[in-house]
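See below for the structure under consideration.
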Amino acid sequence: MASLQPVRGTHDLLPEENRVQDHIAETARAIGELYGYHRMTTPIFEFTDVFARTLGDTSDVVTKEMYTFEDRGGEKITLRPENTAGIARAYISNGMQQMSPVKVCYYGPMFRYERPQKGRQRQFHQIGVELLGVEQVAGDIEVIAYGAHILKSLGLWDNITLELNTLGDPESRAAYRNVLVDYFKGHFDKLSEDSRNRLDKNPLRILDSKDEGDRELVANAPLFAEYLNEHSQTFFKQLTDGLGDIGINYQLNPRLVRGLDYYCHTCFEFVTSTLGAQGTVMAGGRYDGLVSTMGGPQTAGVGWAAGVERLAMMVGTGPAAVRPVALIPMGDAAESRCRSLAQQLREAGIAVELGYAGNMKKRMKRADKANAKMAVIIGDDELAKGVAMVRDLDAGEQREVAIDSLIGVIGER
RNA sequence: GCGGGUGUAGCUCAGUCGGUUAGAGCGCCAGAUUGUGGCUCUGGAGGUCGUGGGUUCAAUCCCCAUCAUUCGCCCCA
C-alpha cells in the first residue's frame, strides 16, 4: 500500500463510479445537441504560455496551481488547469472565426496542484461549454439554459441555486475597481491580511471575504450597481428578463466575482449546500476579452465549466448496468456450441455472460452475481434435442426453448 | 501555501489503561447440494495495526518525523 499509492490527489475510477461519470458526460453531450452544441476536444497539455498569459500573472491558478514541466525538446508545457484557454487557442489556431458562432462543449480531465479536499482533487474532470462570437445577451441566456437543463436532467435541481451577478463592461468595472480600492485603502488597518493581499491582486474578491472585520467594511463599501454604465445595466436587465422568459429562477449575489481580467458582464454560479466547502458545482460567465488577449481577433465569448466529481457526488449512483443473459454449457460439445451461440447473440445486440470455467453451481452463482436476467443452460441432453433450458432468474422458472429460436425468445424479455 | 482531525483485513469499523496466537460485520473462497443461483448452515483464506525513527524489559497503543486522507482557510469545478 505504501509504495503503490496513486499520486496525491489522484484517484482510480472503478467501473461503478466510472459509470456515474459517463452518465453525466453523456447527459451533457446529448442535451448539448438540443441546443446545437457539439463536443470538441483539445490536448490535455499546452504550452505554458497559453495559460500563463490568459489567466493572469497574479491568479492563484498560475502562481501556485499549475502542473508545469519542460519536455525533452526544452518546451515549457503545462497540464491544463481548465479548458477555456485551450478552446480559445484552438479557435485561433484553426481559424474558427470563419465558423462563427462557434458552439462547443467538452469533457475531460483537468489538473491543478492543490491541497486535496472533498470535491477537490489534483486530477479531476470537467464538462463545459463555450459559445464564441456572440456578443448578444441571447448567448448568455442560452448557455445558462443549457447548464440548468443538464442539472435538471440529472435530478439535482432541487438542491441547486443559480447565483447571478454582473461585472459590467470593462469601463464600468475599471471605474468601480478604482473606487473600491480607494475605499479599502482608507481602511487598510482594519483589513484582514488576506484582504490586504487581495487589494493588489483582486480587490473585488474582498467583497466575498469570510473575515468578520472585512464584512463590516464591505457592508459600507460603495455598490457596484452605482458604477455600472447604461450599457452594462441594460445588458444585465436583458439577461434577467431573458431568464424570466424561460422560467429559470436565480438569486442576485453582488459579491459573486471572478478573478480573471477577461471576464465581463455575466457572472454566475450554480451552487449547492450539500457538498461542504466546495459548493460550486457549475460556474461561468462572459469573457469577451479572452481571445484577443491571446492574440486572436476581438471575439465575444461566454461559457461555463462544471466539476464532474462534484456532480457525481450529488447524483450518487449511475444508471444500472445492462443485465446480461448467462450461457451455461455443460460438457465439451456444449462448450463449443455455446461459444458460437454467444457470438451470435452478441452480434444480435444481446449482452451475454459466458463463464470461463466451473461446474454448473459455480456458473449459476456467477450468473447471479452478474445480475443476469436469465440463464441458458445447454448440456448433452439439450444438445441432442436441439433445445436449451432457459431459466428466468427472477421468477425461478425454466422451460425448454429450441436453440434456433433463442434470439427471438430472449429479445422478448 | 496555512491550521485541526484521522490512518487496524478488499470495504465499514471495534480493540489493546503499553504485555503471549489483533477481532466483528459485509465481501471473497470452499463444502452441505458431483445438471441449477438468491436464503440458511459449516469451514477457510486474507493483517509489515500507513511508513521511518525514538522512549521502554516490552510499542498497533506513548513521542517525533513523514506519507496519505479528511475538515476548514486561501482559491476554485
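So you know, we letter chains A, B, ... as the sequences are listed, proteins then strands, and number each from 1. The structure presented is a predicted model; accordingly, all values stated were derived computationally and were not measured.
- Looking at heavy-atom distances under 4.0 Å, A:Arg112 makes contact with a base.
- Under the salt bridge (Lys or Arg N to Asp or Glu O under 4.0 Å) criterion, A:Glu353 pairs with no residue at all, not counting sequence neighbours.
- Under the side-chain contact (heavy atoms from CB on, under 4.5 Å) test applied with A:Phe236, the options A:Leu252, A:Val137, A:Asp140, A:Leu228 reduce to a single match, A:Leu252.
- When heavy atoms are screened at a 4.0 angstrom cut-off, A:Asp381 is found touching base atoms of the nucleic acid.
- In this view, A:Phe69 satisfies the ring-ring contact (aromatic ring centres under 6.0 Å, His included) rule with no residue, not counting sequence neighbours.
- To the nearest whole angstrom, the two C1' atoms, one in B:rG10 and one in B:rU55, are 35 Å apart.
- Across all strands shown, B:rG52 forms a Watson-Crick or G-U wobble pair, both distances under 3.5 Å, with B:rC64.
- In this structure, A:Asn197 atom CG and B:rC2 atom C1' are separated by 13 Å, rounded to whole Å.
- The side-chain hydrogen bond (donor to acceptor under 3.5 Å, both in side chains) pairs that include a residue from residues 211-223 of chain A are A:Ser192-A:Asp214, A:Ser195-A:Asp214, A:Ser209-A:Asp214, where partners are two or more places apart or lie in different chains.
- B:rA32 and B:rU51 have their C1' atoms separated by 45 Å, with the value rounded to a whole Å.
- Comparing B:rA24 with B:rU42, their P atoms sit 13 Å apart, to the nearest whole Å.
- If you measure from atom CD of A:Glu193 to atom C1' of B:rG3, you get 14 Å, rounded to the nearest angstrom.
- The gap from the P atom of B:rA45 to that of B:rA30 amounts to 15 Å, rounded to the nearest Å.
- Ring geometry, A:Phe270 versus A:Phe268: the interplanar angle exceeds 60°, so the pair is classed perpendicular (tilted spans 30 to 60°).
- Between the side chains of A:Ser232 and A:Asp169, at least one donor N or O sits under 3.5 Å from an acceptor N or O.
- Counting only N and O atoms by type, the side chains of A:Gln123 and A:Tyr67 include no donor and acceptor under 3.5 Å apart.
- Distance, A:Asn83 CG to B:rC76 C1': 16 Å, rounded to whole Å.
- Taking atom CD1 of residue A:Ile328 and atom C1' of nucleotide B:rU34, one finds them 16 Å apart after rounding to whole Å.
- Pair check for B:rC74 finds none; no Watson-Crick or G-U wobble contact set falls under 3.5 Å.
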B/S/- contact track for nucleotides 36-47 of chain B, protein heavy atom under 4.0 Å: BBB---------
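- The side chain to side chain contact (heavy atoms under 4.5 Å, CB included) check on A:Glu400 picks up A:Lys385, A:Val387, A:Met389, with sequence neighbours excluded.
- Counting any heavy atom pair closer than 4.0 Å across all strands shown, A:Ala367 reaches no nucleic acid atom.
- B:rU60 and B:rU20 have their P atoms separated by 11 Å, with the value rounded to a whole Å.
- Atom CD of A:Glu193 has 12 or fewer heavy atoms from other residues, nucleotides or ligands within 6.0 Å.
- Atom pair A:Arg363:CZ and B:rG35:P shows a separation of 12 Å (rounding to whole Å applied).
- Here, B:rG15 and B:rU8 have their C1' atoms 9 Å apart, quoted to the whole Å.
- The same atom, C1', is picked in B:rA58 and in B:rC73; the two are 43 Å apart, to the nearest Å.
- One interatomic measurement links the two molecules: CG of A:Leu154 to P of B:rA77, which rounds to 19 Å at whole-angstrom precision.
- Using a 4.0 Å heavy-atom criterion, one finds that A:Gln121 contacts the bases of the nucleic acid, with or without backbone contacts as well.
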Contact state string [nucleotides 68-75 of chain B, B base, S sugar-phosphate only, - no protein heavy atom under 4.0 Å]: SSBSBBBB
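- Residue-environment remark: CZ (A:Arg122) exceeds the threshold of 12 foreign heavy atoms within 6.0 Å.
- Nucleotide B:rG38 is matched to nothing when pairs are restricted to Watson-Crick or G-U wobble geometry with both distances under 3.5 angstrom.
- Comparing the C1' positions of B:rU21 and B:rC13 gives a spacing of 22 Å, expressed to the nearest Å.
- No side-chain donor from either of A:Thr161 and A:Gln251 sits under 3.5 Å from a side-chain acceptor of the other.
- The nearest whole Å value for the distance from the CG atom in A:Asp12 to the C1' atom in B:rC11 is 15 Å.
- Across the protein-nucleic acid pair, A:Glu16 atom CD and B:rG10 atom P stand 19 Å apart, rounded to whole Å.
- For B:rG10, the paired nucleotide is B:rC26, the pair qualifying as Watson-Crick or G-U wobble because both relevant distances are below 3.5 Å.
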